[in-house]
Amino acid sequence: MDEENLTQIWKQYSQIKQYLTGKNYYEQLEMNYNFAKGDQWENLKSGGMPMPVDNIITPVCNYKIGVISQNNMTITFTNENFRKEDLEELEDGTNFRKIADEVIEKINKNINRFFEANNLENNTWDYDEENCISGNVGMYIYEDEENIKKADMIYGNNIFFSDENNNDIQDQSFILITFRRPVEKIREEAKKHGLTAEKISQIVADNNTNEQVGNKDEVRDEQGKALCILKLYKKEKETTRIQEKTVINGNGEPETIQEEIKEKKVTVHMMKSTKNVIYVPETDLGLTLYPVALNTWINEKNSIRGRGEPQDKIVNQIEINKTMARRDIAIALTAYPKAAYNSNMIENPNALDKVGVAIEVKDRSVQNVKNAIDYLQPAQVSPDAKNFCDELSQKTKDNASASDSALGNINPEKASGRSIIAVRDAAAVPINVHVARKKKFYEDIGRILFDFMQNVDVDGQRVIISNVDEETGLSSTNVEQIPYEIMQKLKVGVKVNVSQTDPFSILAMEEMWDSLFERQAITFEEWVSGLTNNSKYNKSKLEEIIKKRKEKEKEMALIQQQITEQQSQISGMLQDKNNQEIANIASDIDTQQNQLLGGQ
């Protein structure tokens, strides 16, 4: 199709892609990926000879990914409603700040549902791996047709920024996200948005896979796949809101009226495009923030893109592999004895490399077999090549903060959990910068999620509240709707709590709880509640035991109550019987006395 029919979105994408190609961005990404995955001799013509690899990049990446992924991060919103009107007393004696406290507490109890629904607790390893290798990873948050918040991972090679030199993602004029979809799916989405049959027919397959990293092959079907571009941009719009206002009416009395206030608001809009067709027209998402969070591995000055972990180690890795290949060839050529023989004196030279076959000598005058056959002794291989290779490998690991102590190669039987953690944390100090960047990544996610709650969910924010009856131990679940008007007035801060979930941190925590329990400073129930889900103890089984105990105690208390009630009934019956008997005796005495008096 003619280049004149290119959409404006495709032209913007091509311009930024050309800029990145000129900086060898995609070539570097491909190298990072190959070396991290162990494919370090790609495109080498070795005549079919396998080449040696002493892979130092993969262990370094795996170590750092493991350390960072074992930092469990949870998002908590804090109340920032400190305005004067937030502290003014309402009719019920409270103020909006107290209402905000209750609402934010309910939201905090539900925020983890987003991470559970998108399996982000497990997928965090994938995010950290992509960030480590490519230098960037992003998360795109959106709502599906059922208004459920979803999260998609964005690879560094699939996101484009209007200003590649500005590392503030919210300050971008637009953001482009590319992805490949089957043509059939694209046409279905285009039809839903009312495109004509002529426009839909212009959505065709392409082979624009040169920006992809890793496996670029696709399963070919009748219609194929096409590159799609999601464009996010901010646009100003005029909004109208209703505000209550107190005025003095003609009778001199205060009266509350409603008035319309027109405001200008900047919101995020979205469009989707193929090479020649915009198949999803401009759509107002209602958000004030781009629903994209970006994490960077190593910052580069004056660039929104980062550097991956393998990038500065590839040169050393290549030299290590080359040195090993030279040693391999040298050993193959000189490290083993070689046969040297006089072909004029040997009848069957082909038998020299066969086991158990006699060698036939032609010349009977040969007095010594060595005159016909001899072996060259192995040459001495200099140790300098090996020493250089080992030194280069060790220095590369040390410079990457991947020493033995950092890797946790410590015998846990000879050290406590706290001492192991102290050694490990001291060695992992250089990696804390990546943990801090991941923490900021989660803060950005929290701000985006609250933006959805405040500006997109116009029917109010639904929260699920779980309550446990202290007497029966039974749990109940209720769904509450936080009004949209309250959500609009909320001002929140985002806090990310970081906790270690590696085995040694869990061990140290268990040692603390065990010590408290042994000193009888806490009860058995408190000890169980302090255990983590990753504990060596089966926490769920212990909680089940506690639950059964409570049920048994309730049954015993009920039986005791029934026994007490029965005893009270019996005592009352006996008392009534004794009182009746005493009354009867008194009546008999009275009768007898009356008879005696009457007889006189």
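- Heavy atoms only, all atoms of each residue included: Val494 and Glu443 are closest at CG1-O, 3.8 Å.
- Counting heavy atoms from C-beta outward, Ile141 and Leu449 have side chains that approach closer than 4.5 Å.
- Proximity of a side-chain donor or acceptor of Asn157 to a complementary backbone N or O of Glu211 within less than 3.5 Å is detected.
- Not counting sequence neighbours, the partners of Glu164 by the side chain to side chain contact (heavy atoms under 4.5 Å, CB included) test are Ile16, Tyr19, Leu20, Phe161, Ile304, Arg305.
- Taking the side chain as every heavy atom from C-beta outward, Gln12 and Gln8 approach each other to under 4.5 Å.
- Atom CD1 of Ile159 and atom CD1 of Ile175 lie 5.5 Å apart (nearest 0.5 Å).
- In this structure a side-chain-to-backbone donor-acceptor pair under 3.5 Å is missing from Asn295 to Val137.
- The CG atom of Asn79 lies 11.5 Å from the CD atom of Glu105; values are rounded to the nearest 0.5 Å.
- At least one side-chain heavy atom of Met487 sits under 4.5 Å from a side-chain heavy atom of Ile107.
- Here the CD-CG distance, from Glu309 to Asn62, works out to 11.0 Å after rounding to the nearest 0.5 Å.
- Take Pro483 and apply the side chain to side chain contact (heavy atoms under 4.5 Å, CB included) test, not counting sequence neighbours, and it matches Glu485, Ile486.
- At least one donor-acceptor pair under 3.5 Å links the side chain of His434 to the backbone N or O of Trp297.
- The heavy-atom pair separating Met271 from Pro281 by the smallest distance is CG-C, 4.1 Å.
- Looking only at distances, a side-chain donor or acceptor of Asn123 sits under 3.5 Å from a matching main-chain atom of Asn118.
- Within the 3.5 Å criterion, the main-chain N or O of Asn166 finds a donor-acceptor partner in the side chain of Gln172.
- By the 4.5 Å heavy-atom criterion applied to side chains, Ile186 and Cys228 are counted as neighbours.
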Just do the side-chain contact (heavy atoms from CB on, under 4.5 Å) check on Val292 and Ile177 with the steps written out, would you? CA-CA 10 Å; Val292 176; Ile177 301 172; 4.1 Å; yes

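- Residues passing the ring-ring contact (aromatic ring centres under 6.0 Å, His included) test with Phe114, sequence neighbours excluded: none.
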Going through the checks in order, is the side-chain contact (heavy atoms from CB on, under 4.5 Å) test met by Phe179 and Leu227? CA-CA 6 Å; Phe179 53 96; Leu227 184 70; over 6 Å; no

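- Expressed to the nearest 0.5 Å, how far CG of Asn108 lies from CZ of Phe77 amounts to 7.0 Å.
- A salt bridge does not link Glu236 to Lys265: none of the charged side-chain nitrogens sits closer than 4.0 Å to a carboxylate oxygen.
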Evaluate side-chain contact (heavy atoms from CB on, under 4.5 Å) for Arg113 paired with Ile464, printing each intermediate quantity in order. CA-CA 10 Å; Arg113 296 184 184 277; Ile464 300 174; 3.5 Å; yes

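- With sequence neighbours excluded, no residue forms a ring-ring contact (aromatic ring centres under 6.0 Å, His included) with Tyr484.
- The two residues Leu490 and Gln454 have their closest heavy-atom pair at O-NE2, 2.9 Å.
- Taking 4.5 Å as the limit, some side-chain heavy atom of Ile57 sits within range of a side-chain heavy atom of Ile314.
- Considering only residues two or more places apart in sequence or on other chains, Asp444 meets the side chain to side chain contact (heavy atoms under 4.5 Å, CB included) condition with Ala293, Lys440, Arg447.
- Taking the ring axis of Tyr233 as reference, the NZ or CZ atom of Lys235 does not stay both within 45° of it and closer than 6.0 Å to the ring centre.
- For Asn167 and Ser303, the side-chain atoms include no donor-acceptor pair closer than 3.5 Å.
- Sparse packing is recorded around OH of Tyr155, with 12 or fewer heavy atoms of other residues, nucleotides or ligands lying under 6.0 Å away.
- Cation-pi geometry between Lys231 and Phe174 is met: under 6.0 angstrom from the ring centre, within 45 degrees of the axis.
- Residues Thr7 and Ser273 bring a donor and an acceptor atom of their side chains to less than 3.5 Å of each other.
- Counting only distance, with no hydrogens or angles, the side chain of Asn71 and the backbone of Val67 share a donor-acceptor pair below 3.5 Å.
- Nearest heavy atoms, Asn131 versus Thr296: OD1-C, 3.5 Å.
- Side chains of Thr288 and Val268 form no contact here, defined as non-hydrogen atoms less than 4.5 Å apart.
- By the 4.5 Å heavy-atom criterion applied to side chains, Gln212 and Asn158 are counted as neighbours.
- Of the possible donor and acceptor atoms, none in the side chain of Glu143 sits under 3.5 Å from a partner among the backbone N and O of Lys150.
- With respect to Asp312 and Arg307, no salt bridge is recorded, no charged nitrogen being found less than 4.0 Å from a carboxylate O.
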Begin with the C-alpha distance, continue with both residues' side-chain angles, and end with the deciding distance and a verdict on side chain to side chain donor-acceptor pair (under 3.5 Å) for Lys234 and Gln170. CA-CA 9 Å; Lys234 294 182 179 180; Gln170 296 299 332; 3.2 Å; yes

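- Outside the 6.0 Å centre-distance limit, the rings of Phe450 and Phe452 are not counted as a close aromatic pair.
- Here the closest heavy-atom approach between residue Gln481 and residue Arg462 is recorded as OE1-CG, 2.7 Å.
- From Ile482, atom CD1 reaches atom CD1 of Ile104 across 9.5 Å, with rounding to the nearest 0.5 Å.
- A donor-acceptor pair is defined here as one N or O able to donate and one able to accept, closer than 3.5 Å; no such pair exists between the side chain of Thr267 and the backbone of Gly286.
- Among residues at least two apart or in separate chains, salt bridge (Lys or Arg N to Asp or Glu O under 4.0 Å) pairs with a member in residues 122-141 are Lys37-Glu129, Asp128-Lys438.
- Expressed to the nearest 0.5 Å, how far CG of Leu230 lies from OH of Tyr142 amounts to 10.5 Å.
- Taking both residues in full, the closest heavy atoms of Glu80 and Gly493 are given as CG-N, 3.3 Å, listed atom of the first, atom of the second, then distance.
- In this structure, the side chain of Asn119 does not engage the main chain of Phe115 through any donor-acceptor pair within 3.5 Å.
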side-chain contact (heavy atoms from CB on, under 4.5 Å) between Val479 and Val463, intermediate numbers included: CA-CA 6 Å; Val479 178; Val463 293; over 6 Å; no

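- Contact of the Val456 side chain with the Leu287 side chain is registered, since non-hydrogen atoms from C-beta on lie closer than 4.5 Å.
- Here the side chain of Tyr26 pairs no donor or acceptor atom with the backbone of Lys17 at under 3.5 angstrom.
- Other residues, nucleotides and ligands contribute at most 12 non-hydrogen atoms within 6.0 Å of the CD atom of Gln15.
- Ring-plane geometry between Tyr13 and Phe160 is classed as perpendicular, the angle between the planes exceeding 60 degrees on a 0 to 90 degree scale with a lower cut at 30.
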